[in-house]
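Below, chains carry the letters A, B, ... as their sequence lines are ordered, and counting in each starts from 1.
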Amino acid sequence: MSSDETAETESTDFIREKVRTDNESGTFGGRVQTRFPPEPNGFLHIGHAKSIFLNFGLAKENGGTCFLRFDDTNPETEDVAFVNAIQEDLAWLGAKADGPPKFTSDYFEQLYVWAEVLIEKGLAYVDDQDAETISEQRGGFGQPGVESPFRNRSSEENLGLFRQMRDGAFDDGSRVLRAKIDMQADNMWLRDPVMYRIRNVAHHRTDDAWVLYPTYDWAHGQSDAIEGVTHSVCTLEFADHRPLYDWFLSHLDLPSDQPQQTEFARLNITHTVLSKRVLRTLVEQGHVDGWDDARMPTIRGLRRRGYPATAIESFVERIGVAKINSVVEVELLESFVRTELNRSSQRRMAVVKPLKLTITNWPEGHVVMVDAVNNPEDPDAGSRSVPFSGELWIEEDDFRLDPPPKYYRLTPGREVRLRAAFFVTATDAVLDDDGNVIEVLATYDPATEGGSSPDGRKVKSTMHWVSAPHAVDATVHLYDRLFSAEHPGASVEGAERDPLDDLNPMSRETTAAKLEPALGDVTRGEVVQFERLGYFAADLDDPTIFHRTVGLRDEWANIQKRKK
RNA sequence: UCCCGGGUAGUUCAGUUGGUAGAACACCAGACUUUGAAUCUGGUUGUCGUAGGUUCGAGUCCUGCCCCGGGAGCCA
């Protein structure tokens with residue numbers, strides 16, 4: 001995107017507005033630093049893209065910096081494989097972090113030192129109770145909490161115990177370090193939250209150096225402060241943690257200004273699900289081929305599907321950021337994909353559901369090369385030669401024995417144009433025993449070569465085609481929504497429902513397609529427009545497989561839909 | 001039950017110190033067209049959650065109420 005284009009479409013929102021006023025008032029000395037902090041326990045999806053472009057965008061727009069930080073405080077669920085996958089996805093999206101990636105685990109030592117500071121100040125204590133007891137004592141919404149019997153241990157005793165915890169003297173779950181705040185707080189996160197737990201588990205980076213692991217709450221704000229983050233942006237469910245985030249920071253000597261947390265609403269999209277848990281179930285139960293299945297809303301899935309990273313970025317910018325929980329229509333995402341692909345993709349002809357068309361007056365064995373434009377949106381894209389013969393494949397939908405009203409395509413007695421080639425008139429159809437059309441017979445007008453008639457005669461329709469003897473075979477996946485319901489799993493009349501019940505059993509239809517020869521040598525991942533059908537991406541691993549990225553807008557489909 | 005966020009077209013969002021509601025997508029119509037695409041032109045849709053109050057004037061300020069979302073992990 002050019003800079004003046006950005007200026008024109010410059011959108012604002014409450015977060016950008018806050019950054020602006022902070023800059024004006026000199027809150028952080030005009031500094032803007034953000035971070036994208038994924039936990040390496042899964043793959044990135046389009047919901048993360050919203051956070052990614054927000055964080056990187058904030059930094060970029062203000063001449064600031066944005067780090068990538070892996071929030072790796074829970075060794076039980078994390079893995080290097082995810083660290084690598086996340087970096088690949090980020091690179092593909094075009095989000096470039098400043099400097100090498102950071103890891104919360106790099107700060108374990110500093111975090112530990114700070115924990116001792118809080119203990120010395122009497123603001124943290126070791127609790128010997130088990131998880132269940134602590135949870136019960138926390139109380140409930142509007143219900144009082146109960147103070148732990150270990151809450152008033154001396155600093156010396158706490159320090160001794162805490163050091164033993166670090167040294168591995170205790171079993172998993174036997175003791176935790178808790179912040180000493182207020183067991184009667186209205187905000188449950190202030191009722192002496194846990195800062196450290198014991199886990200005798202190898203960590204993917206620190207291996208067995210630690211058995212003591214900080215919780216998210218203890219690690220996050222402090223990591224922000226260590227890195228010099230100014231604006232710590234996260235999703236709405238952390239809003240209740242903000243007082244805790246501030247509390248920790250306010251009791252420490254920080255190397256920089258105290259960072260501030262701001263929350264925004266996470267992304268939801270119709271006909272899909274962006275919950276790691278549900279996505280994992282889809283993969284594990286085999287409803288999709290994997291995390292990178294072209295129907296998945298993961299970055300890898302969208303990539304295989306052919307969604308351009310730039311379209312994802314434009315989409316995310318368009319939907320803006322707010323605090324209201326919302327569900328964006330997939331159609332909006334698709335429209336950005338179409339807009340991008342319309343200007344960038346080469347046009348080709350491919351027949352996805354082939355029907356034989358024989359030209360009865362075509363000279364036996366004759367072949368003509370016709371010239372077809374590569375991209376009408378881009379004059380520099382030039383043209384290509386496509387072989388035309390008397391045996392062709394046309395789209396099943398492009399012929400009707402009994403045409404419905406407003407049907408412009410081929411039907412007995414009607415003349416249509418075969419794109420860039422000739423006018424043809426259907427004369428007859430061959431049926432099988434069940435009455436299905438298996439072949440269409442037609443005649444052509446030799447004077448219409450190139451696709452126009454010297455007498456100025458007009459036709460209602462132009463159709464795509466592929467010469468049968470020259471056709472390249474391919475497997476094409478036609479996708480429909482993964483979930484047929486607009487809001488998968490939405491409760492009906494108060495009853496909880498499983499999103500999986502809304503899965504669309506027809507989300508993928510696979511066909512044996514016939515392609516024009518030029519399609520035989522597309523590169524992996526290349527997206528082309530199959531004229532009149534949509535945009536199709538050559539598979540990343542096997543370029544004889546094509547995925548329908550998204551169909552074209554389809555007025556004819558709308559007409560049919562309206563009639564129903 | 002308590003705390004925190006929210007409520008503006010079908011959807012996502014704008015609405016500046018109060019001046020009588022906009023954009024994008026979607027939808028509809030027309031023009032153009034060798035993609036029923038793209039492009040261009042025009043158009044439809046709102047009890048601004050609700051009821052009061054302040055004011056010459058309220059989507060904007062005040063109060064009550066209603067509805068939706070989040071929160072009681074040693075997950076993040």
Taking atom types as they are modelled, is there a donor-acceptor pair under 3.5 Å from the base of [N] to the side chain of [X]?
| X | N | result |
| --- | --- | --- |
| A:Arg532 | B:G36 | no |
| A:Glu237 | B:G69 | no |
| A:His241 | B:A76 | yes |

Anti or syn - B:G49, cut at 90° from 0:
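Because its glycosidic torsion lies more than 90° from 0, B:G49 adopts the anti conformation.
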Please work out if [X] contacts a base, only the sugar-phosphate, or nothing of the nucleic acid, heavy-atom cut-off 4.0 Å.
| X | result |
| --- | --- |
| A:Thr73 | sugar-phosphate |
| A:Ser326 | sugar-phosphate |
| A:Val459 | nothing |
| A:Pro37 | nothing |
| A:Leu236 | nothing |
| A:Gln529 | base |
| A:Lys460 | nothing |
| A:Asn558 | sugar-phosphate |
| A:Glu486 | nothing |

A:Trp556 stacking on B:G36: centroids under 5.5 Å, ring planes under 30°?
yes
Is there aromatic stacking of A:Phe141 against B:G71, centre distance under 5.5 Å, plane angle under 30°?
yes
Which residue, A:Ser174 or A:Val321, contacts RNA chain B at a nucleotide closer to its 5' end, judged by nearest heavy atom?
A:Val321
Residue whose nearest RNA chain B nucleotide is more 5′ - A:Asp186 or A:Val176
A:Asp186
Using the [atom1] atom on both, measure [N] against [M] and round to a whole Å.
| N | M | atom1 | answer |
| --- | --- | --- | --- |
| B:G59 | B:G22 | C1' | 12 Å |
| B:C25 | B:C40 | P | 10 Å |
| B:A24 | B:G57 | C1' | 31 Å |
| B:U55 | B:U50 | P | 23 Å |
| B:G5 | B:G18 | C1' | 25 Å |
| B:G10 | B:G46 | P | 8 Å |
| B:G71 | B:A9 | C1' | 32 Å |
| B:G70 | B:C61 | C1' | 28 Å |

Answer yes or no for A:Arg205 and A:Phe103: cation-pi contact, defined as NZ/CZ to six-membered ring centre under 6.0 Å and angle to ring axis within 45°.
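Relative to the ring axis of A:Phe103, which defines the angle, A:Arg205 lies inside both limits.
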So, is the end of the A:Arg178 side chain (NZ or CZ) under 6.0 Å from the ring centre of A:Tyr125 and within 45° of the ring's axis?
no
Between [Y] and [X], is there a side-chain donor-acceptor contact under 3.5 Å, judged purely by atom types and distance?
| X | Y | answer |
| --- | --- | --- |
| A:Glu39 | A:Thr77 | yes |
| A:Thr448 | A:Asp445 | no |
| A:Gln137 | A:Glu147 | no |
| A:Arg417 | A:Thr462 | yes |
| A:Asp182 | A:Gln184 | no |

Does [X] place a side-chain N or O at less than 4.0 Å from the phosphate oxygens OP1/OP2 of [N]?
| X | N | result |
| --- | --- | --- |
| A:Thr77 | B:A76 | no |
| A:Arg318 | B:U11 | no |
| A:Thr215 | B:A76 | no |
| A:Arg175 | B:C74 | no |

Which letters describe nucleotides 43-48 of chain B, given B = protein heavy atom under 4.0 Å from base, S = only from sugar-phosphate, - = neither?
------
Atom [atom1] of [X] and atom [atom2] of [N]: how far apart are they, to the nearest Å?
| X | N | atom1 | atom2 | answer |
| --- | --- | --- | --- | --- |
| A:Arg338 | B:A26 | CZ | C1' | 11 Å |
| A:Arg553 | B:C28 | CZ | C1' | 11 Å |
| A:Phe238 | B:C3 | CZ | C1' | 18 Å |

Between A:Glu415 and A:Arg457, is there a salt bridge with N-O shorter than 4.0 Å?
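Judged by the 4.0 Å cut-off on N to carboxylate O distance, A:Arg457 and A:Glu415 do form a salt bridge.
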Quick one: pull up CZ in A:Arg166 and CG in A:Leu177 and give me the separation to the nearest 0.5 Å.
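Interatomic distance, A:Arg166 CZ to A:Leu177 CG, rounded to 0.5 Å: 13.0 Å.
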If you count heavy atoms of other groups shown closer than 6.0 angstrom to CD of A:Glu132, is the number above 12?
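It does not: A:Glu132 CD has 12 such atoms or fewer within range.
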Hunt down any stem RNA chain B takes part in, defined as 3 or more consecutive Watson-Crick or G-U pairs whose two distances are each under 3.5 Å.
B:2-7 with B:66-71, B:10-13 with B:22-25, B:27-31 with B:39-43, B:49-53 with B:61-65
Counterpart residues, side-chain hydrogen bond (donor to acceptor under 3.5 Å, both in side chains), relative to A:Arg548 (two or more places apart)
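Result, side-chain hydrogen bond (donor to acceptor under 3.5 Å, both in side chains) vs A:Arg548: none returned.
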Do A:Asn374 and A:Ser383 pass the side-chain hydrogen bond (donor to acceptor under 3.5 Å, both in side chains) test, and can you show the C-alpha distance, the side-chain angles, and the key distance before you say yes or no?
CA-CA 5 Å; A:Asn374 283 329; A:Ser383 63; 5.8 Å; no
